[in-house]
Student: 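Pasting in a structure now, in structure tokens, and then I'll have a few things to ask.
Not measured: the values here are computed from a predicted model.
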Amino acid sequence: MKITKALMTIGMTTAMMATFTACQQAQYENPLLQESNLPFGSPDFSKIEYSDYEPAFETAMQQQRENIQKIVDCPDSATFENTILPFEESGKLLDRVARVFFAIAEADKTPEIAEIEKKVQPKLTDLQNEIAFNKQLFERIRQVYDKQRDQLKGEDKKLLEETYKEFVRNGALLSDDKMERMKQINLRISELQTQWGDMVPDATNDAVVWVDNKEDLAGLSEADIAQCQKDAEGRGGKAPYAIVITNTTQQPLLASLDNRELRKKVFEASIHRADGTGKYNTFPLVSEIAKLRAEQAELMGYPNYASYSLENTMAKTPDNVYAFLKNLIKAYSSKADAETKAIEDFARKTEGPDFQLQPYDRFYYSAKMKKEVLDISEDEVKPYFNIDSVLVNGVFYAANRVYGLEFKERNDIPTYHPDMRAFEVIDKDGKSKALFFCDYFRRPTKRGGAWMDGFQKQSRQWNQLPIIFNVCNSAKAPEGKPSLLTWDEVTTMFHEFGHALHGILSDCQYNSLSGTSVARDFVEMPSQFNESFATIPEVFDNYARHYETGEPMPADLKDRMLKSINFQTAYALGENLAATCLDMAWHMLASKDVPSAENAAAFETEALQQVGLLNPQIPPRYSTSYFNHVWGGGYAAGYYSYLWTEVLAVNIADIFAQRGPLKPETGQDMRDKILSRGNTGDLMQMFTDFTGMAQPDASALLKSKGL
């Protein structure tokens with residue numbers, strides 16, 4: 001604490017006590033509880049210390065409790081103005097504190113942050129339970145819903161409907177005994193997810209594969225070998241080199257690594273990182289979370305958690321999700337088998353007729369086959385994907401051409417880590433629109449994957465502009481070397497910035513409805529659509545420049561590289577389908593049918609077999625034991641949304657292509673009808689308003705993948 005200690009004597013007078021208290025307050029002002037003086041109200045990370053978080057949470061939670069009590073104690077009849085608006089306002093301070101803390105907990109979870117999270121999370125869940133099951137509060141909300149719903153319009157009506165629906169879906173209409181049980185479940189799930197959030201990054205870090213000899217890394221580029229050396233040094237130096245495990249099942253380096261035994265070791269380390277074969281086992285967490293979610297659904301009158309969760313999405317029902325998935329599986333299966341056979345046949349040309357392709361061989365021989373067929377390799381194109389050029393000349397350039405946005409780097413705004421950069425976003429009218437942070441490099445304290453969030457959402461009611469950030473996990477080159485990206489990492493940057501644009505371009509009255517506050521099977525659409533700009537010739541030529549010469553990628557190499565994007569795309573679709581079906585399988589279970597931790601692995605195998613996706617050559621993108629989206633994130637019974645929204649994104653990209661992909665008029669139309677609107681209207685109607693299509697065209701997805 002930033003409070004100067006002082007000696008006090010028993011004989012201190014009341015006046016002296018008052019002076020001392022005033023001195024304390026003057027010397028310590030919790031920066032999380034004060035309005036920031038930085039541009040946009042950005043968090044002042046130069047002042048925030050670990051010791052600030054717990055007292056900030058306590059103060060903010062108490063403030064929301066008091067605000068809720070004022071609503072309950074209001075003597076006047078419930079109205080939108082004295083109930084719904086104050087409720088929307090009630091947690092403003094807590095929202096600010098929580099957004100800062102949990103951003104750090106995801107991206108830079110030190111032991112100190114992990115300890116604070118363990119203390120704070122149960123208290124937050126208690127508060128959520130208090131609010132969700134406050135009968136007097138809900139009665140006032142219900143009165144407004146019954147009396148004023150038909151009188152209100154626009155965002156006011158939507159805010160009322162969403163507030164009422166949220167209370168009902170959280171159990172506000174349950175009997176007392178069921179309500180009490182729901183509170184217990186909420187608290188326990190919160191505890192389990194905190195444990196998950198600690199265990200999975202630890203398991204992934206522990207799964208690192210140590211390598212003693214440089215010769216064993218044959219096939220890797222010098223830059224990749226240098227990165228392995230750097231990773232080893234940063235993880236204690238148990239050996240000269242370390243291959244770090246990324247969050248997905250397959251590992252990028254397997255495409256280049258000549259040593260088959262080492263490839264196998266890396267793959268096994270990845271897929272078994274948290275299944276109990278080693279130091280870590282998340283299956284007990286998985287089994288209990290799945291059982292509790294199923295019980296939640298049953299308390300609410302649903303047969304399973306998927307039915308309960310999907311009711312509030314575009315898909316609406318598990319039947320609709322499965323119908324969508326089955327069509328993709330049917331179209332994909334024969335392509336996947338043909339793709340596998342082609343790779344194995346190619347490998348046998350050098351390895352002999354008895355060679356049996358294994359999952360840890362697939363990327364390696366696929367890359368060699370791509371080199372032979374298309375004369376292209378990752379190492380050939382990476383020099384043209386300098387991360388700084390991709391960001392400024394690619395991601396930002398496309399946003400400027402389409403939406404009229406400009407980006408000005410702000411070195412005067414503190415960040416939570418030296419790798420983070422800040423940019424002021426200026427709209428085409430010259431006015432400041434948002435603040436954007438990016439944190440692209442991996443580190444042991446950062447969880448795997450890539451994501452978008454915000455320190456502050458846009459809200460006209462709160463008179464605040466958005467403060468948005470993107471986080472990725474690319475390797476940071478050694479000092480003095482350029483950080484070069486794979487094509488997958490390039491598209492990831494465009495993807496996450498699509499989410500960022502959804503937050504940056506938001507123009508909504510209420511915090512609860514703004515930005516990305518939409519259903520899961522819509523929220524991934526702007527991000528997947530934004531990937532399409534990465535291959536538009538004008539954009540590609542602007543950022544794909546050699547890191548040494550600045551020359552654009554030669555036309556021949558560019559042509560070969562772009563053709564390679566759809567080379568053997570069945571794998572990518574298959575791994576996503578398998579992960580999606582795993583998610584659905586776990587959440588279609590009744591509570592009595594959820595397997596024990598000991599049977600979790602067998603359940604995964606059976607679930608994949610039932611849908612025709614038990615394919616050792618194409619394992620799930622995430623296996624059950626490290627499926628963070630589902631067990632640690634907000635995608636339970638919702639991972640299908642990546643494929644669902646990819647259909648929406650392809651349909652929208654087709655409209656852009658027809659109108660001219662970089663035309664500002666089309667970008668403005670996209671802003672007006674989708675990106676600015678948050679959750680203020682019907683999501684399917686937004687899609688229809690922009691595309692003119694009554695329903696999405698799923699066949700376009702397969703066409704876009706060359707399938």
Student: Using the six-membered ring of Phe455, assess whether NZ or CZ of Arg99 lies under 6.0 Å from its centre and within 45 degrees of the ring axis.
Tutor: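 Because its charged atom misses either the 6.0 Å distance or the 45° angle limit, Arg99 does not stack over Phe455.
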
Student: Could you tell me whether Asp507 and Arg671 make a salt bridge, using a distance below 4.0 angstrom between a side-chain N and a carboxylate O?
Tutor: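 Not counted as a salt bridge, because no side-chain N and carboxylate O are separated by less than 4.0 Å.
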
Student: Judged by modelled atom types alone, do Glu538 and Tyr397 share a side-chain donor-acceptor pair under 3.5 Å?
Tutor: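 Side chains of Glu538 and Tyr397: pair found under 3.5 Å.
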
Student: Between Arg545 and Glu551 (salt bridge meaning N to carboxylate O under 4.0 Å), is one present in this structure?
Tutor: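 Not counted as a salt bridge, because no side-chain N and carboxylate O are separated by less than 4.0 Å.
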
Student: List the residues meeting salt bridge (charged side-chain N to carboxylate O under 4.0 Å, His left out) with Lys428, not counting sequence neighbours, and say none if there are none.
Tutor: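 With neighbours one apart ignored, the set is empty.
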
Student: Does one side chain, of Gln251 or Ser270, offer a donor that lies under 3.5 Å from an acceptor on the other?
Tutor: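 Gln251 vs Ser270: donor-acceptor pair found between side chains.
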
Student: Does a side-chain N-to-carboxylate-O contact under 4.0 Å join Arg96 and Glu35?
Tutor: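 Salt bridge flag = yes for Glu35 with Arg96.
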
Student: Are Glu424 and Lys433 within salt-bridge range, i.e. N to O under 4.0 Å?
Tutor: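 Answer for the salt bridge query: no.
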
Student: Using 4.0 Å as the upper bound for N to carboxylate O, is an ion pair formed by Lys382 and Asp224?
Tutor: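 Yes, charged N to carboxylate O under 4.0 Å.
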
Student: Tell me yes or no: between the side chains of Gln193 and Ser190, is some donor less than 3.5 Å from an acceptor?
Tutor: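 Gln193 vs Ser190: no donor-acceptor pair found between side chains.
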
Student: Salt bridge check, Glu117 against Lys109: does any charged N sit closer than 4.0 Å to a carboxylate O?
Tutor: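 Salt bridge: yes.
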
Student: Enumerate the side chain to side chain donor-acceptor pair (under 3.5 Å) contacts for residues 386-396, please, sequence neighbours excluded, ordered by first and then second residue.
Tutor: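 Of all non-adjacent pairs touching residues 386-396, those that pass side chain to side chain donor-acceptor pair (under 3.5 Å) are Asp388-Arg421, Ser389-Asn393.
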
Student: Counting only heavy atoms from other residues, nucleotides and ligands, does the tally under 6.0 Å from CG of Asn463 exceed 12?
Tutor: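 No, the 6.0 Å shell around CG holds no more than 12 heavy atoms from other groups.
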
Student: Residues in ring pair (Phe, Tyr, Trp, His ring centres under 6.0 Å) with Phe529, at least two apart?
Tutor: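 Phe529 satisfies ring pair (Phe, Tyr, Trp, His ring centres under 6.0 Å) with Phe533, Phe656 only.
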
Student: Using a strict 4.0 Å threshold on nitrogen-to-oxygen distance, state whether Glu222 and Lys481 make a salt bridge.
Tutor: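 The answer is no: the pair does not qualify as a salt bridge.
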
Student: Picking from Asp108, Asp231, Asp419, what satisfies salt bridge (charged side-chain N to carboxylate O under 4.0 Å, His left out) with Arg442?
Tutor: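 It is Asp231; the other options fail the test.
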
Student: Between Lys446 and Glu106, is the closest basic N to carboxylate O distance under 4.0 Å?
Tutor: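 Looking at Lys446 together with Glu106, the answer is no, because their closest N to O distance does not fall below 4.0 Å.
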
Student: Between Asp672 and Arg677, is the closest basic N to carboxylate O distance under 4.0 Å?
Tutor: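 The answer is no: the pair does not qualify as a salt bridge.
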
Student: Where the side chain of Asn470 meets the backbone of Phe497, is there a donor-acceptor pair that is under 3.5 Å apart?
Tutor: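 Judged by distance alone, yes, a pair lies under 3.5 Å.
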
Student: Less than 4.0 angstrom from a charged side-chain N to a carboxylate O is my criterion; do Arg443 and Asp439 meet it?
Tutor: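 A salt bridge links Arg443 with Asp439.
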
Student: Over 60° means perpendicular and under 30° means parallel, so classify the ring planes of Phe494 and Tyr543, tilted if in between.
Tutor: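 Ring orientation, 0 to 90° scale: tilted.
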
Student: Is it the case that more than 12 heavy atoms not belonging to Asp429 sit under 6.0 Å from its CG atom?
Tutor: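 Yes, the 6.0 Å shell around CG holds more than 12 heavy atoms from other groups.
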
